[in-house]
Amino acid sequence: PLHVKEELDPFSLVADELSILADRLRAMVVAEVPKLASAAEYFFKMGVEGKRFRPTLKSEAALNARLMQVLLLMASALNFPIPKSASDGGSGTPSSELRSRQQAIAEITEMIHVASLLHDDVLDDAETRRGIRSLNFVMGNKLSVLAGDFLLSRACVALASLRNTEGVLARYLFYCSDDFCHVYGITATVVSLLAKVVEHLVTGETMQMTSSSEQRCSMEYYLQKTYYKTASLISNSCKAIAILTGQTAEVSMLAYDYGKNLGLAYQLIDDVLDFTGTTASLGKPSLLDIRHGIVTAPILFAMEEFPQLRTVVDRGFDDPANVDLALEYLGKSNGIQRARELASQHAKLAAAAIESLPESDDEDVQRSRRALVDITHRVITRNK
Ligand code: FPP
Ligand code: FPP
Ligand code: MG
Ligand code: MG
């Protein structure tokens, strides 16, 4: 039977584990220089008051970390015996070691994510982040950049130390699988997956910043950029969790597909909300993208209906009158609706990936999968 709490909030399943991860994250970013330490832990704070509230409340100055919650849910959703499982494979598995390696992936991913947000807020001159003052606003650009670099370096250290528990995993998989040779490549694969994510973040941000007129008006370019900027992190870390669990290539691919489509849906809705949201609902001013000259899906769809919008886009959006003109075309078009539909399609693909996972009669596995599917609905119905 469905738990009432679970129905209300898919994230509640991993809420307790999340607070353990938050404590560990704070410990992982301790630095020799006090200023660097306080900068680095700025977004990992979940103080006394934070712990009393549900950690998923966006309005609290608490650790949100929906990314880590998705990854923990994915870890639970894949927590079923791997095929080829020998009769003695199910018992005596060091599942706590496995879980702590999966938790490490969640922590590393969150550090990379926060590092990218620190740099992003410098590039965007942002004043708020996660409902509190952004770090660049509080401590300035220079310290924010260094804090981002520092987080990235600690993420690398944590990645490298995944090797320490490799032997344990190898022994576990040796019991479960005839083909255990690939075990010795697992850590290396996970390290290179996450290294690639960092490259993708930088690539996506640079693509957004340096596009030609042709590229700015191309849906293909927009989707590629969106994959790099938003979807790569979550898709590749979902895949890393699967690989680390010793799952097959097929299952790892489904985990990747879930993350990729969830990330794309999330960003498409983000781009819609930039037009439809209000400062009060978003916690940040609306129309920021277009005012910064960033052309997103709603405008691209509107351009298909009104090709003359292209010349408006080409003139740039330094002139507020040009912004108004673009908004006028957008209002007459189905741009917003079509962007929402595309987001829904990706959300459906994400849910379909979860539903294609090998069946399991484990309660916890089923509950986690339901939560992951529920999140795909929440991503497209959110309004902040
Ligand atoms: C969180 O960033 C968002 C992403 C990392 C993009 C991928 C999408 C998800 C993990 C799903 C989000 C789920 C819902 C229900 C919207 P952030 O730093 O802005 O948010 P955070 O503070 O919650 O981590
Ligand atoms: C948020 O986008 C920004 C990102 C998802 C990635 C930013 C990446 C970099 C700045 C490259 C540097 C990366 C590392 C790892 C140091 P947004 O500005 O559209 O959204 P927002 O509303 O959350 O600010
Ligand atoms: Mg930004
Ligand atoms: Mg940005």
Side-chain angles (χ1 to χ4, degrees), residues 9-11 18 43-44 46 55-74 106 108-132 134 136 144-153 155-156 194-209 225-235 237-238 258-271 273-274 277 282-286 288-289 292 294 296 343 346-347 350 371-372 374-384:
D9 182 3
F11 294 124
L18 188 72
F43 286 110
F44 296 132
M46 188 160 63
T56 45
L57 283 184
K58 191 79 182 173
S59 54
E60 303 304 330
L63 184 71
N64 270 303
R66 288 168 297 180
L67 184 58
M68 283 205 290
Q69 307 189 36
V70 167
L71 295 175
L72 292 174
L73 288 171
M74 181 59 81
I108 292 162
T109 305
E110 181 71 9
M111 280 195 276
I112 295 173
H113 177 51
V114 173
S116 79
L117 297 179
L118 292 178
H119 286 189
D120 178 70
D121 286 342
V122 170
L123 293 169
D124 292 347
D125 262 321
E127 294 182 359
T128 59
R129 168 66 66 186
R130 289 182 169 177
I132 56 175
S134 56
N136 53 313
S144 279
V145 170
L146 290 171
D149 294 341
F150 177 69
L151 285 182
L152 214 47
S153 73
C156 293
L194 292 180
K196 196 170 65 179
V197 165
V198 177
E199 180 186 331
H200 284 173
L201 287 167
V202 176
T203 302
E205 189 67 23
T206 312
M207 279 174 82
Q208 176 170 293
M209 198 188 288
K225 175 207 80 178
T226 302
Y227 169 73
Y228 286 144
K229 217 189 76 169
T230 308
S232 174
L233 179 74
I234 181 158
S235 57
S237 52
C238 282
Y258 175 81
K260 178 181 161 182
N261 287 296
L262 184 72
L264 291 176
Y266 178 90
Q267 190 59 52
L268 280 160
I269 293 299
D270 220 54
D271 294 342
L273 290 175
D274 194 57
L282 298 177
K284 65 179 180 186
S286 56
L288 278 180
D289 292 337
H292 285 123
I294 299 168
T296 57
H346 285 294
L372 287 172
D374 185 11
I375 289 168
T376 68
H377 301 307
R378 285 174 190 249
V379 161
I380 49 171
T381 50
R382 74 197 174 96
N383 48 24
K384 58 173 195 163

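Predicted model, so just to flag it, every value in this text is computed and none were measured. Residue numbers count from 1 along this sequence. Every number for a ligand or one of its atoms is a count from 1 in the order of the listing.
A donor-acceptor pair is defined here as one N or O able to donate and one able to accept, closer than 3.5 Å; no such pair exists between the side chain of Thr230 and the backbone of Tyr227. In terms of modelled atom types and a separation under 3.5 Å, the side chain of Tyr228 and the main chain of Met207 share no donor-acceptor contact. Checked by atom type and distance alone, the side chain of Ser134 pairs as donor or acceptor with a backbone atom of Ala126 at under 3.5 Å. In terms of modelled atom types and a separation under 3.5 Å, the side chain of Asp274 and the main chain of Asp289 share a donor-acceptor contact. Looking at Asn136, its side chain never comes within 3.5 Å of a backbone N or O of Ser144 through a donor-acceptor pair.
For the residue pair Ser116 and Leu201, the shortest heavy atom distance occurs at CB-CD1, 4.0 Å. Ile375 and Pro10 get closest at one heavy-atom pair: CG1-CG, 3.9 Å.
Those atoms of ligand 1 that come under 4.0 Å of a heavy atom in Ala65, given as number and element, are 21 (P), 22 (O), 23 (O), 24 (O). If you number the atoms of ligand 1 from 1 as listed, the ones under 4.0 Å from a heavy atom of Arg382 come out as 16 (C).
For Asp121, every N, O or S atom stays at 2.8 Å or more from the Mg ion (ligand 3).
Between His346 and Tyr266, the gap from one ring centroid to the other reaches at least 6.0 Å.
For a threshold of 3.5 Å applied to N or O pairs, the pair formed by Glu110 and ligand 1 contains no separation below that value.
The name of the N, O or S atom in Asp120 nearest to the Mg ion (ligand 3) is OD2. Looking at Asp124 and the Mg ion (ligand 3) together, the shortest N, O or S contact belongs to OD2.
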What does the contact table look like for ligand 2 (nitrogen or oxygen on each side, cut-off under 3.5 Å)?
unit_1	atom_1	unit_2	atom_2	d
ligand 2	2 (O)	Lys229	NZ	3.4
ligand 2	18 (O)	Asp120	OD1	3.0
ligand 2	18 (O)	Asp120	OD2	2.9
ligand 2	18 (O)	Asp124	OD2	2.7
ligand 2	19 (O)	Lys229	NZ	2.7
ligand 2	22 (O)	Lys284	NZ	2.8
ligand 2	23 (O)	Arg129	NH1	2.8
ligand 2	23 (O)	Arg129	NH2	3.3
ligand 2	24 (O)	Asp120	OD2	2.9
ligand 2	24 (O)	Arg129	NH2	2.9

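Residues Val197 and His113 have side chains not in contact (no heavy-atom distance under 4.5 Å, counting atoms from C-beta outward).
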